[in-house]
Amino acid sequence: MSFSQEVKEELLSVTGSARHCLLAELAAIFCFCGFVENAENNRPTIGIFTENKTISIKCFTLLKKTFNIYSSVSVRKSSQRSAGSVYTVKVENSRQAEEVLLALKLLPLPKGMGAVKKTTDLVLLKNACCKRAYIRGAYLVSGSMSNPEKGYHLEFVCGAEEQAEMLIHILKELSIEAKEVLRKKYFVVYIKDGEAIVELLGLMGAHRALMELESTRVVKEVRNSINRRVNCEAANITKTVNAAAKQVEDIMYLKEKVGFSGMPESLRQMAKLRLDHPDATLKELSELSDPPVGKSGVNHRLRKLSELAERLRLN
């Protein structure tokens, strides 16, 4: 099971305690995958189509808890290549269907057979708990999330632009910044910030998934920190080795061309120390000096030797 599906399985058991929260979550489900039939005589029956068994169970449960409606559930094989199953949850009693549509603020119905409004009235989502419930329902129906081991990406696939804009608006009111992109014929609302995804999982009630994601984030951050440190130390070692090799090359050139006899004692001593200890650090050379010289003094003398060699090469 993918991490995204694990989140949905966890959210299956999460429901609001108040009726207004149940309505908000149910509104999201119907906005994203609801349908209406026999609407030409204004006596509709309603339901949802989904390939996700989790969503059908949640919809059935919410209808029972909120309206005391026992909806019908049917399963058939999908006609798509995936050969999965399609679950249909249906309210066949017209009076009950109208009651649901009215409570979910989905009336009046849009023109066209089978149409359900893509957005609900924001008055249904005036409380923060209702906004969280709506987002939870939207994720169950249209959300997905990448494996946090590979990267941070959570998205909602919307069938209409106004649906995506409403989702972004609700997320913003919950202090979650999301962006929108057009992908083929769908409007995708996405979040790529790991901290924001953790916050969203908590708001939806997926606390087990939140802890797993946080654990993964910590491991990745520690691993990245170690890698950065190792890379930095490796770069410093390479820089030190290259500098030492250049110093040895310059000193050997000076020794071959003019010798050390005409040099000041301090430079002559440092030249011999570097040749005797080609891999030593500046600190180690300072400790080997007699009398001891600070790291800055060692660096200064080695730089003077390189400058002498460079001037000699130019002449």
Donor on one side chain, acceptor on other, Gln5 and Glu9, under 3.5 Å: yes

side-chain contact (heavy atoms from CB on, under 4.5 Å) between Val116 and Ile46, intermediate numbers included: CA-CA 9 Å; Val116 174; Ile46 60 170; 5.9 Å; no

Verdict with reasoning, Lys304 to Met270, per side-chain contact (heavy atoms from CB on, under 4.5 Å): CA-CA 10 Å; Lys304 290 292 290 183; Met270 188 54 60; over 6 Å; no

Asn231 side chain vs Asn227 backbone, donor-acceptor pair below 3.5 Å: yes

Heavy atoms of other groups near Lys64 NZ, more than 12 under 6.0 Å: yes

Heavy-atom closest pair, residues Ala164 and Cys158: CA-SG, 3.7 Å

Gly143 to Lys8 - nearest heavy-atom pair and separation: O-NZ, 2.9 Å

Pairs involving residues 150-178, ordered by first then second residue, that meet salt bridge (charged side-chain N to carboxylate O under 4.0 Å, His left out) (sequence neighbours left out): Lys131-Glu173, Glu155-Arg183

Salt-bridge contact Lys179-Asp193 (side-chain N to carboxylate O under 4.0 Å): no

Flag, side chain of Glu25 to backbone of Gly16, donor-acceptor distance under 3.5 Å: no

Side-chain donor or acceptor of Ser142 paired with backbone N/O of Tyr139 under 3.5 Å: no

Residue Phe60 excluded, over 12 heavy atoms near CZ under 6.0 Å: yes

Closest non-hydrogen atom pair, Ser144 against Ser4: CA-OG, 3.1 Å

Short side-chain to backbone donor-acceptor contact, Glu10 and Arg208, under 3.5 Å: yes

Inter-residue atom distance Tyr253.OH - Leu305.CG, 0.5 Å rounding: 14.5 Å

Pairwise distance CZ(Phe49) to OG(Ser74) - rounded to 0.5 angstrom: 7.5 Å

Euclidean distance, Thr15 OG1 relative to Leu26 CG, rounded to 0.5 Å: 12.0 Å

Cluster link Leu102 to Phe67, ILVMFWY, side chain under 4.5 Å: yes

Partners meeting side-chain hydrogen bond (donor to acceptor under 3.5 Å, both in side chains) with Arg132 (sequence neighbours left out): none

Whether over 12 other heavy atoms sit under 6.0 Å from Arg229 CZ: no

Reported CG-to-CD distance for the pair Leu273 and Glu284, which is rounded to 0.5 angstrom: 12.0 Å

NZ/NE/NH1/NH2 to OD/OE distance under 4.0 Å, Glu310 and Arg313: yes

Side-chain donor or acceptor of Lys255 paired with backbone N/O of Lys272 under 3.5 Å: no

Hphob cluster co-occupancy, Val86 + Val75, side-chain heavy atoms under 4.5 angstrom: no

Whether Ser215 side chain and Met211 backbone form a donor-acceptor pair below 3.5 Å: no

Closest non-hydrogen atom pair, Leu140 against Thr54: CD2-CG2, 4.1 Å

Intermediate values then yes/no, side-chain contact (heavy atoms from CB on, under 4.5 Å), Thr120 and Tyr134: CA-CA 10 Å; Thr120 187; Tyr134 186 90; 3.9 Å; yes

Path from Leu174 to Ile191 over hydrophobic side-chain contacts below 4.5 Å: yes

Sub-4.5 Å side-chain heavy-atom contact between Leu285 and Leu302: yes

Within-4.5 Å side-chain heavy-atom neighbours: Glu287 and Lys283: yes

Nearest non-hydrogen partners of Lys117 and Leu107, listed with the distance: NZ-O, 3.9 Å

Minimum side-chain heavy-atom gap Met145-Leu213 below 4.5 Å: yes

Side chains of Cys129 and His20 in contact at under 4.5 Å (non-hydrogen atoms): yes

Flag for Ser175-Glu199: side-chain donor and acceptor within less than 3.5 Å: no

Side chains of Thr88 and Phe35 in contact at under 4.5 Å (non-hydrogen atoms): yes

Lys246 vs Glu249, salt bridge (charged side-chain N to carboxylate O under 4.0 Å, His left out): CA-CA, chis, key distance, verdict: CA-CA 5 Å; Lys246 180 65 168 59; Glu249 179 184 337; 5.7 Å; no

Exam field: side chain Arg136 to backbone Leu203, donor-acceptor pair closer than 3.5 Å: no

Beyond-backbone contact of Leu282 with Val298, side-chain heavy atoms, under 4.5 angstrom: yes

Met166 and Ile170, any side-chain heavy atoms less than 4.5 Å apart: yes

Ring geometry between Tyr190 and His153 (parallel below 30°, tilted from 30 to 60°, perpendicular above 60°): parallel

Gap separating the CG atom of Leu104 from the CG atom of Leu23, nearest 0.5 angstrom: 6.0 Å

Taking every non-hydrogen atom, the tightest pair across Ile176 and Ala196: CD1-O, 3.7 Å

Other residues, nucleotides, ligands: >12 heavy atoms within 6.0 Å of Lys53 NZ: no

Partner set under ring-ring contact (aromatic ring centres under 6.0 Å, His included) for Tyr87, not counting sequence neighbours: none

Worked check of side-chain contact (heavy atoms from CB on, under 4.5 Å) between Leu312 and Leu308: CA-CA 6 Å; Leu312 191 59; Leu308 288 172; over 6 Å; no

Joint cluster assignment, Ile57 & Leu62, ILVMFWY side-chain distance < 4.5 Å: no

Side-chain heavy-atom pair Val141, Ile48 within 4.5 angstrom cut-off: no

CD1 on Ile197 to OG on Ser146, rounded to 0.5 Å: 6.5 Å

Ile55-Leu11 co-clustered via ILVMFWY side chain contacts under 4.5 Å: yes

